[in-house]
S.K.: 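Below are the structure tokens for one structure; questions will follow.
Quick note: numbers below take in every heavy atom, side chains included, and nothing from hydrogens, waters or symmetry partners. So that the names make sense, note that chain A is the first sequence line, chain B the second, and so on, each numbered from 1.
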Amino acid sequence: MRSMPKDYKFDEIEPKWQSKWAEMKIYHYDWNNKNRESFSIDTPPPYPSGELHMGNVLNWTYFDIVARFKRMQGYNVLFPQGWDCHGLGIEIQVEKSNNVRKRDMPPDQFRSMCMALVEKYIAMMKEGILKLGSSIDWTTEYRTMDSNYWRCTQLSFIQLYQKGYMYQGTHPVNWCPRDETAIADAEVDHIKKEGTLHYIKFPLTNSNEHLLIATSRPEFIPACVAIKVNPKDNRYGKYVNKKITVPLINREVPVITDEAVDMNFGTGAVQICTYGDKDDVKTVIKHKLPVIRLINENGKITEAGGKYASLYLNQARVAIVADLTNAGMLEKTEKIQQEVGVCDRCKTHVEILERTQWFMKTMNLSETVERNANEILWYPDYMKNRLIDWTKSLDWDWVISRQRLFATPIPVWYCKTCGEVIIAKSDWVPIDPKLEGPKIVDCPKCGGKDFNGEQDVMDTWMDSSITCAVHAGWPDRSDWKRLFPASIHPSGTDIIRTWAYYLMVRHLALFDERPFNSVLINGMVLGADGRKMSKSLKNYAAAPETLAKNGADAVRQWAAGGGATGSDIPYRIQDVEYGKRFLNKLWNASSFANKLLEDYTPQSANNVELQLLDKWILSKTENLTKKVTESFEKCQFNIAVEDIRNFTWHVFCDYYLEAIKDRLYRPELHGKESRLAAQYTLHKILYRLLQLFAPVAPHITEEIYQYMYLDNKGYPSIQISEWPKSNSTLINEDTEKQGDLIITILGEIRNDKAQKKMSLNAPIKNVTVYAENEETAKIIKKGATDIISTLKIENFTISLDKPVQGRKIPFLEVSIQIDH
RNA sequence: GGACCGUUAGUCUAGUUGGCUAGGACGUCGCCUUCACACGGCGAAGAUCACCGGUUCAAAUCCGGUACGGUCCACCA
């Protein structure tokens with residue numbers, strides 16, 4: 001035991017331990033150790049988008065607590081870290097910051113610009129993760145843009161193709177005209193917007209009558225293939241199966257019926273265009289209507305648009321509305337609130353295009369996904385509904401091809417002669433078919449010798465939805481199943497429908513096994529005002545600044561204790577400051593205890609006779625241990641943190657430490673045995689509190705451990721000390737009740753002093769405690785010295801007579817009379 | 001429109017198998033410069049636990065309904 005400095009300096013101690021832990025290699029997963037059970041964390045590979053934000057802080061704190069807790073419990077913990085590099089986000093930022101367009105430059109050059117930006121962002125985020133004290137095994141670090149990761153992603157594509165899960169097809173897909181790529185449903189956001197509903201006359205063919213249809217997208221009139229009405233709509237019965245002439249382009253289309261048509265919206269007559277929205281897609285399939293390709297990849301009208309060809313959609317809209325007005329076909333317009341699909345990266349209005357794409361068959365996995373979602377553990381449980389509901393709501397297979405540059409290539413070629421699809425062999429990957437041909441000479445079908453490499457690349461989620469297998473060592477380690485399925489998969493409420501879902505379908509399809517056995521959900525970080533945290537709302541807190549100012553252990557307490565797991569958590573600086581003050585309290589209490597234990601050796605305290613309050617706090621500590629362990633097991637970090645802090649501060653410091661001071665200072669009065677018992681208890685309790693708090697605040701607990709317990713306990717770090725098991729033989733309800741009685745009496749007398757505006761240190765002349773029965777009197781007697789010495793009482797009497805006056809303690813069988 | 005979550009003191013929040021005399025933090029007020037800590041201690045005020053009904057000896061907690069807020073999903077062309 002060494003003496004401790006007066007103040008706790010987090011800015012010196014936290015970095016010190018962060019580097020020492022790395023040197024000690026205590027975070028390594030030990031492949032050679034087969035005795036300890038494995039515990040694997042499916043760490044999310046974050047999208048490098050700049051500096052670490054408070055949302056990351058929340059997530060990384062959650063699963064770092066799990067990692068540290070499990071390590072102390074003796075598990076062989078795998079805590080890897082990767083980076084999800086590819087994607088539109090980076091491409092858009094590179095275009096903006098360099099003022100370039102990716103189509104106007106060599107793809108390789110653009111790719112390297114992307115990689116440079118990603119590396120810059122990774123460095124920023126990594127710094128933040130390190131400063132938070134995350135116990136990551138950095139030897140596992142990977143990037144999805146690395147060739148080795150490409151190999152994994154491409155290999156999984158090949159294997160899924162072989163299993164019949166990957167296919168090429170021509171179907172309508174969501175399309176972002178700005179980014180010129182297909183996107184999946186999960187990448188479409190919906191925003192509320194004011195639109196204009198146009199009431200347009202559609203003349204009945206060979207008649208003077210006309211149908212009035214209402215549409216918010218008149219620009220799609222050239223692609224109108226039908227008009228639909230509700231079969232129950234009496235207004236339109238006579239038009240059904242008749243032909244209508246589409247205005248401006250004079251094409252004849254049928255009037256069809258569909259029960260889905262809302263008779264009360266607009267005019268109850270709807271134009272079906274290919275494709276104005278997803279509903280059109282359904283109608284076209286259902287009624288086998290023809291498809292007119294009105295727009296091309298960048299949102300311009302095609303030849304099919306006649307005189308409007310080569311206009312952008314919004315230009316065509318203006319022209320068409322003008323023409324309709326001139327022709328007297330536009331009856332009126334009105335404003336409506338509508339919700340439109342936009343690209344989640346660039347917020348451009350999403351169109352629907354029919355183009356040949358690669359798909360993964362996911363629809364037939366929905367039931368399996370649902371069953372597995374029900375079988376695994378969710379923290380909190382109700383979050384499973386998010387995945388199940390999403391799975392049930394899907395109606396298209398997953399489109400996995402993208403028309404982009406910064407992504408994993410699809411390892412496929414096409415024979416120039418016969419069009420045969422050549423899928424890469426497993427040992428060809430990683431490979432970029434844009435740069436290299438297939439490793440065969442002749443087309444296996446026609447013998448042709450020329451091939452076109454696939455230009456499309458994979459959806460970023462194709463990279464990140466195999467993390468569970470890759471983390472475990474697939475495809476290179478034969479024993480990767482030791483770590484698969486992952487023990488825990490952390491996910492935010494916002495990415496359940498993407499990451500959790502895609503992980504499920506990919507692994508189920510590839511390995512016929514679910515990827516993880518439990519899911520830990522974090523909510524979103526809100527600003528102090530309860531709204532979503534964002535720079536534009538001015539409620540943004542910068543994580544690096546917060547960490548630098550308050551230290552990781554304080555910020556981690558906010559993350560762990562700021563609210564229930566899974567719920568959104570506002571960022572409150574008061575919570576962080578409270579955490580800081582708690583650390584200060586813990587430090588002071590520890591350095592005080594350290595002083596009181598200077599002459600103490602645990603060996604000397606064998607069979608020491610414990611006093612009531614010693615047994616009392618020992619019993620309470622065992623109960624605390626039980627409760628905290630259970631809370632950590634259930635990922636209820638907020639409950640664990642609150643229990644540990646309240647106990648440490650208010651039970652341990654305010655009562656126990658105060659009560660034993662006199663026994664420690666004056667052995668001549670209380671006896672050496674009593675002093676030793678207090679030291680024994682103090683030594684034991686503080687160690688337990690440090691251990692319980694170590695997963696939440698690893699730095700301060702380590703520092704104190706090193707000063708006070710290293711020699712005695714022998715673990716090089718408290719982080720690998722054995723997690724305490726609650727010792728039920730020390731739990732005694734009677735002892736706790738008796739101790740509580742003493743504490744209550746102490747409190748009452750303190751209260752009396754406070755009301756009389758006395759200093760707590762001021763001596764009291766007489767205190768008489770009236771007990772209602774002998775049993776109570778006996779208990780009070782056991783704690784009498786603690787009461788007397790803590791409160792400086794000169795004459796203390798325990799009486800069995802009924803009191804006439806004095807303080808009556810509610811719910812207890814005593815009352816107190818005090819003279820000062 | 002559907003699903004899920006929430007509604008607890010001035011503010012934020014805990015309360016997960018019903019036993020609560022509703023816990024904590026911030027803020028407010030009063031007292032205490034007590035030999036670990038004023039980044040402290042002791043205390044006070046402040047809550048009809050959204051509302052209505054039900055089950056129960058007992059409900060913040062379980063059930064049904066209503067209102068308001070949030071999130072996700074689906075939508076009106």
Side-chain angles (χ1 to χ4, degrees), chain A residues 4 6-8 185 190 195 197-198 213-217 220 227-228 258 260-273 276-280 283 336-339 380-386 388-390 392-395 493-494 496-497 523-524 526 528-532 561-564 566-570 572-575 577-596 630-631 634 636 638-639 641-643 645-646 649-650 653-654 657-658 661 665 747 749-762 790-792 810-811:
Chain A
M4 292 163 61
K6 191 173 180 309
D7 297 319
Y8 177 66
D185 276 353
H190 296 273
L197 198 58
H198 300 73
I213 69 109
T215 179
S216 62
R217 305 206 71 186
F220 273 93
I227 302 293
K228 69 175 180 179
D258 195 317
V261 177
D262 181 352
M263 292 186 273
N264 299 317
F265 186 86
T267 62
V270 189
Q271 66 162 349
I272 305 302
C273 309
D277 60 24
K278 266 178 103 169
D279 185 57
D280 287 342
T283 311
I336 52 157
Q337 280 299 313
Q338 58 179 175
E339 210 167 286
D381 185 61
Y382 61 80
M383 284 294 175
K384 73 167 69 154
N385 294 319
R386 302 251 180 147
I388 292 169
D389 289 353
W390 173 253
K392 283 182 171 165
S393 77
L394 290 169
D395 39 26
T493 48
D494 55 334
I496 294 173
R497 67 185 177 134
M524 300 296 103
L526 308 174
D529 55 2
R531 291 189 294 172
K532 262 189 187 163
S567 66
D568 292 348
I569 295 179
R572 289 171 299 245
I573 187 66
Q574 310 96 284
D575 283 5
E577 278 165 359
Y578 180 72
K580 233 167 132 178
R581 283 193 289 124
F582 176 74
L583 296 178
N584 194 55
K585 186 77 184 175
L586 178 64
W587 181 261
N588 282 317
S590 300
S591 75
F592 180 48
N594 191 38
K595 222 179 291 170
L596 298 173
E630 281 168 8
S631 302
K634 291 189 266 182
Q636 296 170 333
N638 57 321
I639 295 176
V641 168
E642 191 177 324
D643 284 346
R645 283 162 158 183
N646 285 343
W649 203 320
H650 303 299
C653 293
D654 291 349
L657 223 40
E658 291 301 327
K661 274 181 184 170
Y665 288 145
I749 302 172
R750 275 181 184 168
N751 197 341
D752 193 77
K753 276 188 168 176
Q755 282 186 4
K756 296 194 167 98
K757 302 192 191 250
M758 295 169 69
S759 149
L760 283 176
N761 216 17
T790 310
L791 294 156
K792 311 268 187 293
F811 309 106

S.K.: Using the P atom on both, measure B:rC52 against B:rA9 and round to a whole Å.
M.R.: 16 Å

S.K.: Using heavy-atom distances to pick each residue's nearest nucleotide on RNA chain B, tell me which of A:Asp654 and A:Lys585 is more 5'.
M.R.: A:Lys585

S.K.: Which part of the nucleic acid, if any, lies within contact of A:Cys653, taking any heavy atom under 4.0 Å across all strands shown: a base, the sugar-phosphate backbone alone, or nothing?
M.R.: base

S.K.: If I pick the C1' atom on B:rG1 and the same atom on B:rU21, what distance separates them, to the nearest angstrom?
M.R.: 46 Å

S.K.: Let me know the distance between CG of A:Asn638 and P of B:rA14, rounded to the nearest Å.
M.R.: 7 Å

S.K.: What is the distance, rounded to the nearest whole Å, between atom CH2 of A:Trp649 and atom P of B:rA36?
M.R.: 17 Å

S.K.: Could you check A:Asp575 against A:Ile639 and say which one's nearest nucleotide on RNA chain B is further toward the 5' end?
M.R.: A:Ile639

S.K.: Under a 4.5 Å cut-off applied to non-hydrogen side-chain atoms, are A:Arg217 and A:Cys273 in contact?
M.R.: no

S.K.: Between B:rA36, B:rC35, B:rU16, which nucleotide has the shortest distance from any of its atoms to the side chain of A:Gln636?
M.R.: B:rU16

S.K.: Which value, in whole Å, describes the distance between the C1' atoms of nucleotides B:rU7 and B:rA45?
M.R.: 25 Å

S.K.: Quick check for you: to the nearest 0.5 Å, what is the distance between A:Asp568 atom CG and A:Thr493 atom OG1?
M.R.: 5.5 Å

S.K.: What's A:Phe582 touching, base or sugar-phosphate or nothing? Going by heavy atoms closer than 4.0 Å.
M.R.: nothing

S.K.: Rounding to an integer number of angstrom, what distance separates B:rC49 and B:rG23 when you compare their C1' atoms?
M.R.: 13 Å

S.K.: Let me know the distance between CD1 of A:Ile569 and P of B:rG6, rounded to the nearest Å.
M.R.: 14 Å

S.K.: Check every atom of B:rA36, B:rG41, B:rC39 against the side chain of A:Lys661 and return the nucleotide holding the closest atom.
M.R.: B:rA36

S.K.: Mind listing the N/O atom pairs, protein and nucleotides 71-77 of chain B, below 3.5 Å?
M.R.:
from, atom 1, to, atom 2, distance (Å)
B:rU71, O2', A:Arg386, NH1, 3.4
B:rC73, OP1, A:Arg497, NE, 3.2
B:rC73, OP1, A:Arg497, NH1, 2.3
B:rC73, OP1, A:Arg497, NH2, 3.1
B:rA74, OP2, A:His190, NE2, 3.3
B:rC75, N4, A:Glu339, OE1, 2.7
B:rC75, N4, A:Glu339, OE2, 2.8
B:rC76, O2, A:Asp262, OD2, 3.3
B:rA77, O5', A:Ser216, OG, 3.2
B:rA77, O3', A:Thr215, OG1, 2.7
B:rA77, O3', A:Ser216, N, 2.9
B:rA77, N6, A:Asp262, O, 2.7
B:rA77, N6, A:Phe265, O, 2.7
B:rA77, N1, A:Asp262, N, 3.4

S.K.: Which value, in whole Å, describes the distance between the C1' atoms of nucleotides B:rU48 and B:rA59?
M.R.: 15 Å

S.K.: Are the side chain of A:Asn588 and the backbone of A:Asn584 linked by a donor-acceptor contact shorter than 3.5 Å?
M.R.: yes

S.K.: Is any side-chain N or O of A:Glu658 under 3.5 Å from a base N or O of B:rA36, one able to act as donor and the other as acceptor?
M.R.: yes

S.K.: Roughly how far, to the nearest 0.5 Å, is CG of A:Asp277 from OG1 of A:Thr283?
M.R.: 8.0 Å

S.K.: Specify the separation, in whole Å, of atom CG of A:Asn646 and atom P of B:rU13.
M.R.: 18 Å

S.K.: Within a strict 4.5 Å, meaning less than it, do heavy atoms of the A:Lys392 and A:Ile388 side chains meet?
M.R.: yes

S.K.: Check whether any side-chain heavy atom of A:Tyr665 sits under 4.5 Å from a side-chain heavy atom of A:Leu596, and report yes or no.
M.R.: yes

S.K.: Grab the CG-P distance between A:Asn584 and B:rA38 for me, whole Å please.
M.R.: 8 Å

S.K.: Remember a base hit wins even if backbone is also touched, and classify A:Asn385 as base, sugar-phosphate or nothing at under 4.0 Å, heavy atoms.
M.R.: sugar-phosphate

S.K.: What distance separates A:Arg497 CZ from A:Leu394 CG, expressed to the nearest 0.5 Å?
M.R.: 10.0 Å

S.K.: Which listed nucleotide (B:rC42, B:rC37, B:rA36) is nearest to the side chain of A:Leu657?
M.R.: B:rA36

S.K.: So, under a plain 3.5 Å distance rule, would you say the side chain of A:Lys580 forms a donor-acceptor pair with the base of B:rC39?
M.R.: no

S.K.: Could you tell me the separation between the CG atom of A:Asp7 and the C1' atom of B:rA38, rounded to a whole number of Å?
M.R.: 13 Å

S.K.: To the nearest 0.5 angstrom, please state how far the CD1 atom of A:Ile336 sits from the CG atom of A:Leu197.
M.R.: 4.5 Å

S.K.: Dot-bracket, RNA chain B: Watson-Crick or G-U, under 3.5 angstrom, [ ] crossing, | other strand?
M.R.: (((((((..((((.....[...)))).(((((.......))))).....(((((..]....))))))))))))....

S.K.: Hey, does A:Leu657 have a side-chain heavy atom less than 4.5 Å from the side chain of A:Phe592?
M.R.: yes

S.K.: When the P atoms of B:rU34 and B:rG40 are compared, how many Å lie between them, rounded to an integer?
M.R.: 16 Å

S.K.: When rounded to the nearest Å, what value does the distance between P atoms of B:rG2 and B:rU66 take?
M.R.: 11 Å

S.K.: Suppose you measure atom C1' in B:rC62 against the same atom in B:rU17; what distance do you get, rounded to whole Å?
M.R.: 11 Å

S.K.: To the nearest 0.5 Å, what is the distance between CD1 on A:Ile227 and CD1 on A:Ile272?
M.R.: 7.5 Å

